[in-house]
Amino acid sequence: MTTFEEKQPAVSVEKLKWMYEQMVKSRYYEDQMVDVYTEGKVPVFNIGAGTVPGEMHLSTGQEPAAVGICVHLTKEDTVTAPHRPHHHAIAKGVDLKKMTAEIFGKETGLGKGKGGHMHLFDPEVKFSCGGIVAAGIPHAVGAALTSKMKGKDWVAVAFIGEGAANAGAFHESLNLAALWNLPLIVVVEDNSYGISVAKKDSTAIESNDLRAAAYGVAGAYVKDNDPIAMYKAAEEAVARARSGQGPTIIEIETYRFLGHFQGDPELYRDKAEVPGLRQLDPILKLRKRLTESEKVSEAEIEEMEKRAKQEVDEAYQFARDSNYPEPEAALNDVFQS
Amino acid sequence: MTTFEEKQPAVSVEKLKWMYEQMVKSRYYEDQMVDVYTEGKVPVFNIGAGTVPGEMHLSTGQEPAAVGICVHLTKEDTVTAPHRPHHHAIAKGVDLKKMTAEIFGKETGLGKGKGGHMHLFDPEVKFSCGGIVAAGIPHAVGAALTSKMKGKDWVAVAFIGEGAANAGAFHESLNLAALWNLPLIVVVEDNSYGISVAKKDSTAIESNDLRAAAYGVAGAYVKDNDPIAMYKAAEEAVARARSGQGPTIIEIETYRFLGHFQGDPELYRDKAEVPGLRQLDPILKLRKRLTESEKVSEAEIEEMEKRAKQEVDEAYQFARDSNYPEPEAALNDVFQS
Amino acid sequence: MAEAIALEMEQDPSVFVLGEDIGKYGGIFGSTQGLIDKFGQERVLDTPISETAFIGAAIGAAAEGMRPIAELMFVDFFGVCMDQIYNHMAKIPYMSGGNVRLPMVLMTAVGGGYNDAAQHSQTLYATFGHMPGMKVVAPSTPYDLKGMMISAIRDDNPVLFMFHKSLQGLGWMEQLDVAVDHVPEESYTVPLDKAKVVREGSDVTIVGIQMMTHYAVEAAEKLSKEDGIEAEVIDLRSVAPIDKKTILSSIKKTRRLVVVDEDYLSYGMTAEVAAIAAEEALYDLEAPVRRIAVPDVPIPYSRPLEDFVIPGPEKIYQQVKKLMDEE
Amino acid sequence: MAEAIALEMEQDPSVFVLGEDIGKYGGIFGSTQGLIDKFGQERVLDTPISETAFIGAAIGAAAEGMRPIAELMFVDFFGVCMDQIYNHMAKIPYMSGGNVRLPMVLMTAVGGGYNDAAQHSQTLYATFGHMPGMKVVAPSTPYDLKGMMISAIRDDNPVLFMFHKSLQGLGWMEQLDVAVDHVPEESYTVPLDKAKVVREGSDVTIVGIQMMTHYAVEAAEKLSKEDGIEAEVIDLRSVAPIDKKTILSSIKKTRRLVVVDEDYLSYGMTAEVAAIAAEEALYDLEAPVRRIAVPDVPIPYSRPLEDFVIPGPEKIYQQVKKLMDEE
Ligand SMILES: Cc1ncc(C[n+]2csc(CCOP(=O)(O)OP(=O)(O)O)c2C)c(N)n1
Ligand SMILES: Cc1ncc(C[n+]2csc(CCOP(=O)(O)OP(=O)(O)O)c2C)c(N)n1
Ligand SMILES: [Mg+2]
Ligand SMILES: [Mg+2]
């Protein structure tokens with residue numbers, strides 16, 4: 001994560017490199033998760049068994065949304081994420097070891113094993129997520145309100161899917177944030193589906209940045225899952241929020257390479273769709289940009305990739321090495337005393 | 001209520017007369033209610049005592065919204081209303097005797113005394129209302145869906161206040177209705193307040209017809225509480241809905257002459273505001289139009305007024321003469337068998 | 001279940017289904033499998049993630065004479081649409097003095113045990129049972145699922161139909177024998193207000209529901225084999241209205257009561273059943289009532305934690321044995 | 001109540017209030033009277049009719065260290081925002097393993113008896129008591145209102161604070177003597193987890209809550225005067241966690257239990273209290289437990305109907321007398 005700086009004409013190579021490294025980290029993290037998630041589920045695919053049980057929503061392909069905005073945030077800024085939270089968590093700087101331990105259900109996890117993959121809370125970097133569609137938006141409004149009440153320039157970012165933009169919480173939150181002129185940014189990741197339901201079957205209009213008009217706030221649309229375009233839209237939105245000019249809705253066209261959750265038979269989409277999307281992998285595109293236009297050496301890139309992967313490997317190892325909580329620990333943490 | 005006819009260049013005098021009579025009826029109905037509501041509450045103002053107990057939300061001043069649209073409806077069309085429902089009920093042709101008996105809590109009431117003023121159901125004319133802000137919109141969506149599934153040209157109208165337009169149900173319902181291209185009309189009655197909260201303190205934008213853009217539907221704005229302008233906006237919206245061209249949002253600028261509910265101290269608004277609004281009484285304006293531009297005779301107008309008042313008087317008498325339900329009747333009607 | 005819906009859709013054109021991922025996907029828990037192919041998207045409507053709008057729309061459609069079946073994907077999501085359920089679906093028939101009927105079914109998946117954590121693992125039986133105006137059912141066998149679904153669709157009252165994820169016979173869940181029973185092909189009904197004695201016994205009554213019924217039977221078999229204790233097991237099936245008679249007559253026989261629930265303990269199903277006993281069978285009881293339920297904590301994610309809070313056959317066995325030993 | 005909030009706002013700048021009509025109007029039931037004049041609209045925030053957004057925002061603010069007090073105008077409206085209450089406010093502290101604290105108060109008006117019908121007259125004690133993760137309190141005297149509100153604001157856990165409309169001393173409601181008690185001006189606290197014996201007696205225990213406590217005392221006075229029966233009356237005060245000890249030790253003394261609730265009967269407070277007795281005081285009970293509550297119907301509008309379903313002093317008197325006579 002970098003700190004906020006003045007708006008600049010172009011994107012500095014340092015920031016591009018940061019984004020690249022986070023994207024690689026996120027992707028590698030999830031590639032590992034694909035494998036880990038199947039561990040212990042043989043012979044039958046059993047959601048409640050194995051090293052990592054429960055639902056698993058991966059964000060592979062959607063990394064640009066997360067890094068393009070988090071590159072502008074500090075740890076005083078708040079991020080709320082939905083059920084598909086890994087890329088956001090990583091870009092926001094959540095403790096990767098504790099996060100992985102949480103997903104493994106270990107006592108060293110962010111929530112001592114009580115939360116799991118959909119419920120990651122790292123107050124150190126003001127990150128949270130949750131399993132109820134659109135429910136994180138009001139929480140971000142509350143963070144933005146706190147920022148305003150305390151006279152800070154902190155911003156709050158709520159990530160949601162395009163499906164979530166049709167939930168009532170979206171409307172109520174944006175109206176409230178606009179009314180109170182709060183430093184809120186809602187990032188809508190349009191990955192074309194809400195589980196099996198295509199966007200055109202859930203959303204009455206083309207894209208959710210158009211809904212900015214319903215609240216008198218700014219709206220921006222990012223095409224082609226482009227991390228640099230996302231960087232720029234986010235830069236403007238963050239500057240607007242920090243300077244007291246109110247909320248922004250950013251919608252980004254992004255790609256969901258995997259199923260809604262691991263195990264999704266994906267009968268609702270064309271078999272050829274994903275290979276086509278994979279061709280447009282934003283990580284490959286950014287790598288090319290770094291090596292070709294920005295003249296970053298192959299060696300340096302590989303160094304970054306290695307560092308990212310090492311961090312991930314260490315996090316998984318930490319999770320594996322950690323203990324499960326004692327069963328009776330289930331009774332703790334309902335109330336603080 | 002009249003039946004639907006082809007779009008016409010001007011408003012026929014018959015329709016104007018119908019609207020006038022309904023407005024007079026509604027106004028006179030509520031003038032009576034103001035008095036009845038205080039009956040038996042002496043010496044202390046006690047909400048749970050008297051001839052008519054419970055909350056009482058009157059629509060005095062807001063009649064144009066109701067008549068301007070209901071003039072285009074038949075009894076196959078559905079209306080859902082909120083907590084302030086009398087003008088809508090009257091314009092939709094709800095049985096006035098049973099409605100009044102219901103408000104008096106009598107066994108002859110629409111709901112055998114179980115519902116009361118905020119919960120009037122008259123399936124004969126497809127009218128319902130309820131005490132939860134914005135909750136009637138989805139019901140109207142369901143009626144509109146039924147119309148479409150059955151291949152009818154019935155429309156569904158949801159009346160709400162401007163305060164309700166900030167509730168999540170508004171957003172979800174409009175997106176759904178737009179997506180499914182349903183014959184839904186949402187009429188937002190902007191009476192400047194949601195209880196004590198001024199519109200500018202609840203709504204991030206000027207008016208809710210602007211929110212049509214968020215759903216790709218039609219929007220219309222009616223100024224000055226004008227029944228004829230409302231007639232015209234409604235005529236277009238109803239024609240659109242009946243011909244399968246989808247939903248419309250109409251916002252009308254209207255006036256709340258009384259408090260939010262009877263007994264409201266109204267400390268949140270300027271003492272001079274209401275007298276100012278009373279000057280603009282839409283009933284007086286329409287009367288003038290009828291006598292001056294449309295050359296309807298004073299005698300005929302008085303005849304209409306007399307008829308309207310008589311109907312109201314009979315309804316109140318019916319309510320007074322009816323019996324309270326037996327206490328044990330409270331246990332019936334939970335389930336149908 | 002999908003079979004039951006299909007049978008009713010065939011014979012009644014006013015029946016239709018709406019909800020999230022109930023079309024091509026066939027329902028996340030398979031509740032609408034194959035329906036879209038049979039009946040098309042005119043009668044099997046995928047919705048946006050707008051529970052308030054589409055459940056409210058089901059209410060509006062039911063008021064106009066349709067017979068909608070709406071699916072709330074997980075019961076845990078009730079909070080985004082509870083106003084429609086509690087203030088409208090459940091109350092409109094009453095508030096209208098019976099003049100408006102709402103012949104609709106709201107079906108929803110309940111239950112934990114597969115590490116889906118606090119927002120996806122609840123049953124919330126009592127949350128709904130507490131609310132007058134709905135019938136609330138929670139069948140536990142494939143036979144009852146089908147028969148009660150048909151009854152629910154035909155009922156003129158709003159029915160909240162809870163099906164247990166682990167009892168849907170899904171390929172991606174633990175396979176339970178009880179979930180893959182053979183079911184008659186033709187149409188039949190099972191009443192919505194009757195509990196069922198699923199195992200007879202003379203020493204103690206165990207009242208369970210859905211998953212807990214199966215666990216109770218397992219525990220009962222072990223009690224019989226290892227300890228010579230014969231437990232009578234009652235499958236509650238209907239949360240509301242609750243079938244007091246079946247419960248009371250069993251207590252009269254066994255004189256001991258254990259209640260097992262996958263919902264939270266306090267103000268839960270175990271409370272209601274225990275209270276019925278305290279009110280109407282006090283003199284029959286020879287020992288204190290035992291309640292086994294999720295202790296008052298949200299459902300934790302991690303396996304040892306979740307296993308600790310959701311009652312299993314072993315815990316039921318131990319508790320019943322302890323109760324019998326105490327005397 | 002407003003006094004309690006004002007005292008805390010003065011000494012802790014992180015305390016603020018938000019909700020509908022809590023500014024100039026001072027709260028529809030007077031809960032925030034005068035606060036906006038003292039603290040301005042920066043700390044007393046009127047909101048749009050967007051309960052999900054503003055209660056969710058309170059959660060978000062609490063997570064960042066603020067101490068918000070949000071008002072849900074009527075408890076009956078919970079359904080439009082229950083997801084924030086149940087899935088987030090109540091669960092986030094637990095799901096985060098205690099790493100996120102939510103020191104917030106959600107206050108809300110409950111109760112009927114003034115003909116406001118099915119959507120504005122409920123108490124829903126059990127609906128909230130069933131959900132782990134919140135403290136749920138329902139004080140019944142002005143003294144407790146103030147002391148428990150101060151405790152609630154200072155508590156690091158989410159507290160659902162239910163105040164009864166008829167006990168707010170409002171000019172436009174029936175005037176009750178009990179609602180206009182004198183209260184100390186200074187700050188003091190009353191615990192959030194203790195029931196209170198409000199009348200001592202030896203013959204029967206009546207457990208009530210809020211309005212029902214007052215009615216129970218009225219009934220007890222009549223029983224004493226007319227029948228020589230001395231009832232011990234317990235004001236539950238805290239719905240969750242429930243104070244078993246006070247209940248159980250009273251039953252031990254009186255050996256008879258009547259529970260009175262303004263909430264629905266099934267799966268309600270009367271069930272939980274009766275179940276506690278059946279589980280932990282069975283051998284103490286000399287007579288069946290009696291439950292008095294709203295029979296399982298929505299609250300009807302009309303006076304005779306509402307009077308019939310909401311328990312009053314006379315009904316309590318009759319039921320207790322019947323219980324005592326049966327022996
Ligand atoms: C209120 C609510 N309704 C339904 C669900 C079930 N659900 C989980 S994810 C999801 C789809 C979300 O789609 P989108 O917002 O586009 O996010 P994506 O999964 O595509 O990232 C649904 C319907 C839920 N978690 N919460
Ligand atoms: C969900 C919900 N929140 C709050 C209320 C309380 N309430 C009743 S009417 C009202 C104001 C409504 O304002 P508006 O929609 O403008 O209608 P108006 O009263 O002006 O006709 C409020 C807040 C309610 N009934 N339902
Ligand atoms: Mg999506
Ligand atoms: Mg208004």
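Chain naming here is simple, since letters A, B, ... match the order of the sequence lines and numbering starts at 1 in each. If you're wondering where the values come from, they're calculated on a predicted model, not measured in any experiment. Excluded from the calculations below are hydrogen atoms, water molecules and symmetry mates; all remaining heavy atoms, backbone and side chain alike, are included.
- Of the atoms belonging to B:Tyr193, not a single heavy atom falls under 4.5 Å from chain D.
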Verdict with reasoning, B:Met118 to D:Tyr301, per side-chain contact (heavy atoms from CB on, under 4.5 Å): CA-CA 10 Å; B:Met118 281 190 276; D:Tyr301 164 72; over 6 Å; no
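- Interface check for chain D: of the options B:Val197, B:Asp264, B:Val334, the most heavy-atom pairs under 4.5 Å are formed by B:Val197.
- Aromatic ring orientation, B:Tyr29 versus B:Tyr316: tilted (interplanar angle from 30° to 60°).
- Among D:Glu306, D:His120, D:Glu20, D:Lys24, the residue making the largest number of heavy-atom pairs under 4.5 Å with chain B is D:His120.
- In this structure, D:Phe128 has its ring center under 6.0 Å from that of D:Phe78.
- The choice from B:Phe335, B:Phe104, B:Tyr268 that makes the most heavy-atom pairs within less than 4.5 Å of chain D is B:Tyr268.
- For B:Leu267, no part sits under 4.5 Å from any heavy atom of chain D, backbone or side chain.
- The choice from B:Leu331, B:Asp201, B:Val52, B:Thr203 that makes the most heavy-atom pairs within less than 4.5 Å of chain D is B:Leu331.
- With D:Phe308 as the aromatic partner, D:Lys315 meets the cation-pi criteria of under 6.0 angstrom to the ring centre and within 45 degrees of the ring axis.
- Of all the listed residues (D:Pro300, D:Ser50, D:Pro304), the one sharing the greatest number of non-hydrogen pairs under 4.5 Å with chain B is D:Pro304.
- Atom CD of B:Glu326 is surrounded by 12 or fewer heavy atoms from other residues, nucleotides or ligands within 6.0 Å.
- Of the two parts of D:Asp307, neither the backbone nor the side chain holds a non-hydrogen atom closer than 4.5 Å to a non-hydrogen atom of chain B.
- Using a 30° and 60° split on the angle between ring planes, D:Phe74 and D:Phe77 fall in the tilted class, from 30° to 60°.
- The aromatic rings of B:His87 and B:Phe159 lie tilted to each other, with the angle between the two planes from 30° to 60°.
- Heavy atoms of B:Lys112 lying under 4.5 Å from chain D belong exclusively to its backbone.
- Ranked by heavy-atom pairs under 4.5 Å with chain B, the first of D:Ile28, D:Ile299, D:Asp116, D:Val297 is D:Asp116.
- Residues D:Glu262 and D:His164 bring a donor and an acceptor atom of their side chains to less than 3.5 Å of each other.
- Only the backbone of B:Ala164 comes within contact range of chain D, judged by heavy atoms closer than 4.5 Å.
- Here B:Pro53 is the residue among B:Ala330, B:Ser202, B:Gly105, B:Pro53 with the most heavy-atom pairs under 4.5 Å with chain D.
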